[in-house]
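Each remark here refers to the structure printed beneath this line.
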Amino acid sequence: MLEAVMVQPGQIEFREVPRPGVEKDHVLIEVKACGVCGSDLHVYHGKHPFTSYPVIQGHEFAGVVDAVGSDVEGIEPGRKVTVVPSLVCGRCYPCRHGRTNICDALKVMGFQAPGCHRNFFSVPADNVIPIPEELSFEAGAMVEPLAVGVHAVRRSGLKAGMKVLVLGAGPVGLLTMQAAKASGASEALIVDRVDFRLEVARKLGADHTINGDREAVAGAIRQAFGADGADLIFECVGLEATIETAVQVARKGTRIMVVGVVGGRPRISIGLLQDRELELVGTLMYMRPDFDQAIAWIAEGSVTPTELITARFPFTELPRAYREADEHPERNLKVMVLF
Ligand SMILES: [Zn+2]
Ligand SMILES: [Zn+2]
């Protein structure tokens with residue numbers, strides 16, 4: 001079988017290797033579809049703080065079970081599955097208190113552990129989640145990015161009828177917006193600088209969209225939601241400017257979810273947090289219930305993540321898939337790799 005190794009930033013090498021065996025508590029998956037993610041591009045550029053080389057990437061994927069280990073129950077060969085890519089210790093304080101996504105020893109497939117850029121991939125059975133047969137492999141590969149939004153919304157305390165502001169219409173922003181609406185948000189206003197992304201946002205159910213380069217966010221909130229403004233804010237960019245915008249436009253006493261991965265040490269107005277009793281709440285990845293919810297919403301059609309797919313490449317053209325995602329943000333949301 002073939003595997004793709006990123007030997008150093010920007011350099012992917014294909015290697016012919018034997019098909020792996022299956023350990024007793026593992027499941028061997030024939031990989032069928034895998035999305036390219038923003039974090040993959042950070043690794044591609046050598047800018048991911050917690051990944052060393054060589055690394056086999058790929059963490060948002062779906063496939064078919066090829067074989068199961070002798071101790072594995074409830075998963076049979078032939079089942080369509082997706083995989084929770086987090087490997088957790090089960091012993092640290094967060095793990096013992098049901099918060100495995102912030103495990104002290106967290107490793108993620110494709111970053112600190114091998115990922116799915118290979119034809120056959122052996123993973124712990126505990127991480128494998130069957131998906132309905134009628135779901136496509138591409139939809140299965142979109143469960144992981146959607147689960148990020150599901151988790152963010154779950155942590156946000158969103159209540160039915162709330163009006164939400166989403167900063168950033170990349171994959172995470174769009175899927176967080178859809179998750180918020182599926183959870184009962186009455187209206188969503190989404191902000192981005194790329195018109196194409198705002199078009200997709202409207203297709204996905206955004207009630208109001210603005211291009212932040214041309215329009216002020218504060219005014220747009222008043223126009224969309226009236227004087228009371230937004231009930232909840234999801235910051236899905238991770239830049240100083242957008243986090244500061246969130247702090248500036250938040251109604252007193254409201255919560256800002258920091259969903260975007262933040263680089264560096266942004267300077268933001270902490271004084272306003274104190275003075276306006278704002279809450280800045282972090283959210284990281286997901287846990288298994290977030291995957292279950294994401295799968296249920298995709299299956300019932302209330303969330304439609306495959307509409308984010310803008311380009312497809314065969315696995316053998318993986319370097320082209322990275323370049324397309326990296327060099328053309330103006331026309332891409334999710335680049336999908338098919339095996
Ligand atoms: Zn990802
Ligand atoms: Zn742990």
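In this text, all values refer to a predicted model and were calculated from it rather than measured experimentally. When a ligand or atom number is given, it counts from 1 through the structure's own listing order.
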Main-chain N/O of D40 paired with Y322 side-chain donor or acceptor, under 3.5 Å: no
Closest to the Zn ion (ligand 1), which N/O/S atom of E60 is it? OE1
Quick check: F121 with F61 (ring centres under 6.0 Å apart)? yes
Apex the Zn ion (ligand 2); atoms C92 SG and C103 SG; angle rounded to 10 degrees: 120°
Whether T310 side chain and L333 backbone form a donor-acceptor pair below 3.5 Å: yes
Specify whether an N/O/S atom of D40 falls short of 2.8 Å from the Zn ion (ligand 1). no
C37 SG and H59 NE2 subtending at the Zn ion (ligand 1) (10° steps): 110°
Could you tell me if the ring centre of F315 sits under 6.0 Å from that of F14? yes
Residue that, paired with H26, satisfies side-chain contact (heavy atoms from CB on, under 4.5 Å) out of V22, L28, I29: V22
With the Zn ion (ligand 2) as the apex, the SG/SG angle for C89 and C95 - to 10°: 120°
